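Quick caveat: nothing in here was measured; it's all calculated off a predicted structure. A note on names: the letters A, B, ... follow the listed sequences, proteins ahead of strands, and every chain is numbered from 1.
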There are 2 protein chains.
Amino acid sequence: MSKAKLLVVEDDPNLGDILHEYLTMKGYDTTLCRDGEEGWSKFKKDKFDLAILDVMMPKKDGFTLGKEIKKVQEDLPVIYLTAKNLKEDIIEGLKIGADDYMTKPFSMEELLLRIGAILRRTQKSDEIQALKVYNFGDFELHYDEQYIKGPNGDHKLTSKENELLRLLASEINKLVNRSHALKQIWGDDSYFNARSMDVYLSKIRKILKDDPKVQIITVHGEGFKMVVTG
Amino acid sequence: MSKAKLLVVEDDPNLGDILHEYLTMKGYDTTLCRDGEEGWSKFKKDKFDLAILDVMMPKKDGFTLGKEIKKVQEDLPVIYLTAKNLKEDIIEGLKIGADDYMTKPFSMEELLLRIGAILRRTQKSDEIQALKVYNFGDFELHYDEQYIKGPNGDHKLTSKENELLRLLASEINKLVNRSHALKQIWGDDSYFNARSMDVYLSKIRKILKDDPKVQIITVHGEGFKMVVTG
DNA sequence: TTAGCCACTTAACAATATTTAACAGCCATT
DNA sequence: AATGGCTGTTAAATATTGTTAAGTGGCTAA
């Protein structure tokens, strides 16, 4: 996944520079504009994931720019920066369908968190997830379809078998901590869950008998690891 | 369009009452709970558009509740209420993918504006979701016309079949939580509705037999996912 | 009105998945 | 070697899901 592109429009040179520097440092591809008109022309030239607009700016204010942007790209998330106590502004901004706003002064950290939250939300929808297959020895674990293909044919898996196998297969030759596995798959590390996991380990070992090169080794008191030889 | 349903979980009786009264007056269908556990049980029984959770509460804190809710319904927007200077809390909350948070004390007006903004945003994406045709494998689900076109011909659907198929088809390869599906389509998660849904799943699986590349996989205790191979 | 159809629900039973119990073996430590 | 705490394995007990059929109530066409 490539960097998210941010359009920052801020007329205060000081704050503008800080924003630009900080966001760039945090891994965003940041474009800084000094006023609304510049912001508009940059917006037209490029494709952004999020816009951060100061409300009070010369030539073209942030809300006007925001409205124009929404006309072209309704779903672009916008964070408005506004001075405190500008209630009228806030109201108007939110009426446009603004996604968020922050009153000055604000902490960079908080801004960063909001950016993260918004991007996570908007990007989630267009994630396309590839089907996952894990290979080890003569096996192919088809995690999404919940079955394993072995040298002697396929084998349907239950959800727990599937999860446990994936955990092991994703860390071949590496130790999988018992407690970690329990918390990961069963939700918490309790006596009965641990016994249950042992039962599943036993089942999985049976399945893996089809290829002697693949083994699950237990490290007493620590956990297990799947080992593939040859 | 009917009233938006809000789930408010706030242990301070004073603030709780104020929130409840104010939001109800402003036209929201507001459910007030006194602690996290009550909030969870209300959430399970009903379908909400937005949750407002106090972070510090007895029995079950707001973040824990928020996490549990997200497991069932990832896209439910949440506003966290938190005391000032709880940076750690804020950070953790936003990491969950939280949609917003407000530090106490806050003005009712500001809360209202945020609620409005969030609802506007999420309802917008619901509209986008109203695609007419969903494709998966050799099938075309014509949601609006309530039928499915398969390799061996068309098939009329009942509304429940239609809804359930859409839910699965709109999240190919992704888990659809059982409880979420129930609330989405049947209105609430009860024993009999769950059995009813199982019956419908069975029907749908029969229909989907026409293309072996398409499968509905059950994840025990969690839900299902529609998987398309090839 | 009323018989019949349809969508949906409830019931009943079958099949699976997971947990718990029971017992056997192993491991490290004394 | 003996002890107590872990792990391996199998089987029984529960819980969840799959499937089919019967029940229910609303709606429509005669």
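Partners of Asp198(A) according to the side chain to side chain donor-acceptor pair (under 3.5 Å) rule, which considers only residues two or more places apart in sequence or in another chain, are Arg178(A), Arg195(A).
As a whole-Å value, the separation of Gln146(A) CD from dT16(C) C1' is 12 Å. Distance CG (Asn162(A)) to C1' (dT18(C)): 15 Å, rounded to an integer number of Å. A straight line from CD of Glu163(A) to C1' of dA17(C) spans 14 Å, rounded to a whole angstrom. Spacing between atom CG of Leu157(A) and atom C1' of dA17(C) amounts to 13 Å, rounded to whole angstrom units. In this structure, CG of Leu182(B) is placed 14 Å from C1' of dC8(C), rounded to the nearest angstrom. Per the geometry, CG belonging to Asp189(A) stands 14 Å off P belonging to dT19(C), to the nearest Å. Between Tyr191(A) atom OH and dT20(C) atom P the separation is 10 Å, expressed in whole Å. Taking atom CD on Glu161(B) and atom C1' on dC6(C), their separation rounds to 12 Å, with Å as the unit.
Both tests hold for Lys160(B) against Trp186(B): distance to the six-membered ring centre under 6.0 Å, angle to the ring axis within 45°. Within the cation-pi definition used here (under 6.0 Å to the ring centroid, within 45° of the axis), Lys132(A) does not qualify as a partner of Tyr143(A). Cation-pi contact between Lys203(A) and Tyr200(A): present, with separation from the ring centre below 6.0 Å and deviation from the ring axis of at most 45°.
Contact between the side-chain N/O atoms of Trp186(A) and the OP1/OP2 oxygens of dT19(C) is found at a separation under 4.0 Å. Within the 4.0 Å cut-off from OP1 or OP2 of dT18(C), at least one side-chain nitrogen or oxygen of Thr158(A) is found. Contact check, Ser159(B) against dC8(C): a side-chain N or O comes under 4.0 Å of OP1 or OP2. Distances shorter than 4.0 Å separate some side-chain N or O of Arg178(B) from OP1 or OP2 on dT17(D).
By the 6.0 Å contact criterion, NZ on Lys5(A) is enclosed, its count of non-hydrogen atoms from other residues, nucleotides or ligands being greater than 12.
Using a 4.0 Å cut-off between a side-chain N of Lys or Arg and a carboxylate O of Asp or Glu, Arg34(B) and Asp17(B) qualify as a salt bridge. In this structure, Lys60(B) does not pair ionically with Asp35(B), as no charged nitrogen and carboxylate oxygen lie closer than 4.0 Å.
Using a 4.0 Å cut-off on heavy atoms, the residues of residues 196-223 of chain B that approach DNA chain C are Ser196(B), Val199(B), Tyr200(B), His220(B), listed by number.
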